[in-house]
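See structure below.
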Amino acid sequence: MRIIETISSRLDLDEIVQNVAAIITEMTATDVCFVHLLDDDRQRLRLCGATPPFDRLAGRVELAVGEGMAGWVAAHGEPAVIVEDKRADPRYKYIPELHGEEFTSMVSVPILTRLGHLVGVLNLHSKRRREFGDDVELLRSLAGLVAGAIENARLYRRLADREEALERFTERMVQLQESESRRLAGEIHDGISQRIVSMFFHLSAARDLVGEDAARAEQQIATAQELAGAALDETRYAIAGLRPPVLDDLGLTASLQSLARGIADLHVHVDAGVCDVPEFLESALYRSAQEALQNVQKHAQAVTAVIRLSTTTAGVVLQVSDDGVGFDPAALRASSGPTGHGLPGLRERARLLGGTLEVRSAPGSGTTLTLTVPPHQESA
């Protein structure tokens, strides 16, 4: 009843695990209980709760499935008991932080849902010699009882994390929209509008000179034409800043090839297959490749670079590598000054897309940036 009360009144995973560990230790008259939970990849067990003083180790001890007694139970889905001489059992792994030498006997039980899905493993230790006997079936029942609560708590945590991520995403989107609006307004005010005003004055002067001084009127009209052409170029540049027209004309793959041909003093090879993605993702991938190549030009002292675009089970992968001087990513992260290498903007774009940016580099060995974006479905 205490376990049912605990799992019914809480949705916090850490609280559930800690309270269950304490109750099970008390009711089985054991000395310590460790609760190892399977991670999302179902490859490792993480210590998520334990009775004091080992509760401070929560989140700091991990085992691969198949490693140690808990790993063996996770791999086989059945309980295991060691009555004494644990180190003689090949399934046992000594972990100094857990002070296994202080306990004589142990029992390990899988935490399985009603459908048989593994959630984790319960490990109980006793200082005095103990065979456990009927306790094993009792523990299996208790483990099954808490399995559903642990799964629900995990789902609740994931939902809370996603809601928090959505809030951060929305905030960043608003900030980026405001920043983009200010940038575009500045370009229009400082460039296009100034040229149009100058063009207006030159045309007004030409109108006043028509019939009086044809040569000067012609000169004013020629100047106005130059200003009109410059304003048109800046207008096109501003439009391209919102969405590169080349994407609409050529598509993403051909646009990357066009981008590569336009990079001065750098030979860029493009290895990209057909990639069917939403328009917003096309723009983001194109901008990421463009920014990465600009970084290569500014920092890498490279001769060649390669753009690779592919679709995998993990999503869309954009990779930009170069044969330049490289750098130490760890030293760059530790630096208190500006990070340089244009990485903050690329990382922020990756986060906004729900993806990851991996940086591999070393002094003298070039640099490879890998942007991985999970699959996106276009909204209806």
Side-chain angles (χ1 to χ4, degrees), residues 1-8 13 16-39 42 44-52 54-55 57-58 61-95 97-154:
M1 291 301 297
R2 287 174 59 191
I3 287 180
I4 291 173
E5 180 182 350
T6 295
I7 65 179
S8 300
L13 180 61
I16 290 175
V17 170
Q18 286 298 128
N19 286 326
V20 164
I23 293 171
I24 291 179
T25 302
E26 179 184 342
M27 69 183 298
T28 56
T30 48
D31 294 295
V32 66
C33 175
F34 298 105
V35 183
H36 303 267
L37 298 185
L38 201 61
D39 65 9
R42 305 188 68 79
R44 300 190 67 81
L45 290 165
R46 181 177 290 109
L47 180 66
C48 291
T51 44
F54 303 103
D55 51 333
L57 297 175
V61 176
E62 289 190 3
L63 293 166
V65 171
E67 181 184 15
M69 181 62 82
W72 186 92
V73 169
H76 292 79
E78 59 184 63
V81 175
I82 298 179
V83 176
E84 57 188 344
D85 196 10
K86 288 181 289 189
R87 298 206 182 193
D89 193 310
R91 299 171 297 180
Y92 178 75
K93 177 180 179 179
Y94 177 69
I95 301 175
E97 299 89 340
L98 302 185
H99 297 183
E101 70 277 4
E102 298 179 6
F103 306 98
T104 303
S105 303
M106 70 172 292
V107 58
S108 187
V109 178
I111 305 174
L112 300 171
T113 66
R114 291 183 180 180
L115 298 177
H117 297 148
L118 181 71
V119 173
V121 176
L122 285 176
N123 275 8
L124 283 88
H125 296 259
S126 173
K127 291 182 178 179
R128 63 182 179 84
R129 185 183 182 281
R130 185 167 173 178
E131 296 184 0
F132 291 100
D134 295 338
D135 288 335
V136 174
E137 286 305 313
L138 172 64
L139 289 169
R140 293 186 72 167
S141 298
L142 295 176
L145 190 63
V146 302
I150 291 173
E151 285 286 85
N152 288 339
R154 274 182 161 172

## Note on the structure
Heavy-atom nearest pair, Glu101 first then Tyr94, reads OE1-OH, 2.8 Å

### Task
Locate the shortest heavy-atom distance separating Phe103 from Leu98; write the atom from each residue and the value.
CE1-O, 4.0 Å

### Query
For Tyr92 and Gly100, which heavy atoms make the closest approach, and how far apart are they?
OH-CA, 3.5 Å

### Message
Determine whether Thr30 and Met106 satisfy the following criterion, side chain to side chain contact (heavy atoms under 4.5 Å, CB included), listing intermediate values before the conclusion.
### Response
CA-CA 9 Å; Thr30 48; Met106 70 172 292; over 6 Å; no

### Task
For Val119, check side-chain contact (heavy atoms from CB on, under 4.5 Å) against everything at least two apart and list the hits.
Leu37, Ile111, Thr113, Ala147, Ile150, Glu151, Arg154

### Query
How would you list, by chain and number, every residue that makes a side-chain contact (heavy atoms from CB on, under 4.5 Å) with Leu112, sequence neighbours excluded?
Pro110, Leu118

#### Entry: Residue pairs involving residues 70-83 (criterion salt bridge (charged side-chain N to carboxylate O under 4.0 Å, His left out); sequence neighbours excluded)
none

### Query
Measuring from Leu139:CG to Met27:CE, what's the distance to the nearest 0.5 Å?
8.0 Å

### Task
Kindly give the heavy-atom pair with the smallest separation between Gly49 and Ala58, and that separation in Å.
N-CB, 4.3 Å

### Query
If you look at every heavy atom in Lys93 and Leu63, which pair is closest and at what distance?
CD-CD2, 4.0 Å

### Message
Taking salt bridge (charged side-chain N to carboxylate O under 4.0 Å, His left out) as the cut-off, I'd like each qualifying pair that reaches into residues 26-37, sequence neighbours left out, listed once.
### Response
Arg2-Glu26

### Summary
d(Phe34 CZ, Ile24 CD1) to nearest 0.5 Å is 13.5 Å

## Note on the structure
Sorted by chain and number, sequence neighbours left out, side chain to side chain donor-acceptor pair (under 3.5 Å) with Asp55 holds for none

### Message
Minimum heavy-atom separation for Ala80 and Met69, please, with both atom names.
### Response
CB-SD, 3.5 Å

### Query
When rounded to the nearest 0.5 angstrom, what is the spacing between CG in Leu47 and NE2 in His36?
5.0 Å

### Message
Please enumerate all residues that pass side chain to side chain donor-acceptor pair (under 3.5 Å) together with His99, with sequence neighbours excluded.
### Response
Glu102

Show me, pair by pair, the donor-acceptor contacts under 3.5 angstrom made by side chains of residues 120-129, not counting sequence neighbours?
residue, atom, partner, partner atom, Å
Asn123, OD1, Ser108, OG, 2.5
Ser126, OG, Arg128, N, 3.4
Ser126, OG, Arg128, O, 2.9

#### Entry: Arg46: side chain to side chain donor-acceptor pair (under 3.5 Å) partners, not counting sequence neighbours
Glu62

### Task
Report yes if the side chains of Asp135 and Val107 come closer than 4.5 Å at any heavy-atom pair, otherwise no.
no

### Query
Do Asp39 and Leu45 have side-chain heavy atoms sitting under 4.5 Å apart?
no

### Task
Can you sort out the partners of Glu97 under side-chain contact (heavy atoms from CB on, under 4.5 Å), two or more places apart, ordered by chain and number?
Leu57, Ile95

### Query
For residues 62-84, which residue pairs qualify under ring-ring contact (aromatic ring centres under 6.0 Å, His included), counting only residues two or more places apart or in two chains?
Trp72-His76

### Query
Can you name the side-chain contact (heavy atoms from CB on, under 4.5 Å) partners of Ala64, sequence neighbours left out?
Arg44, Glu67

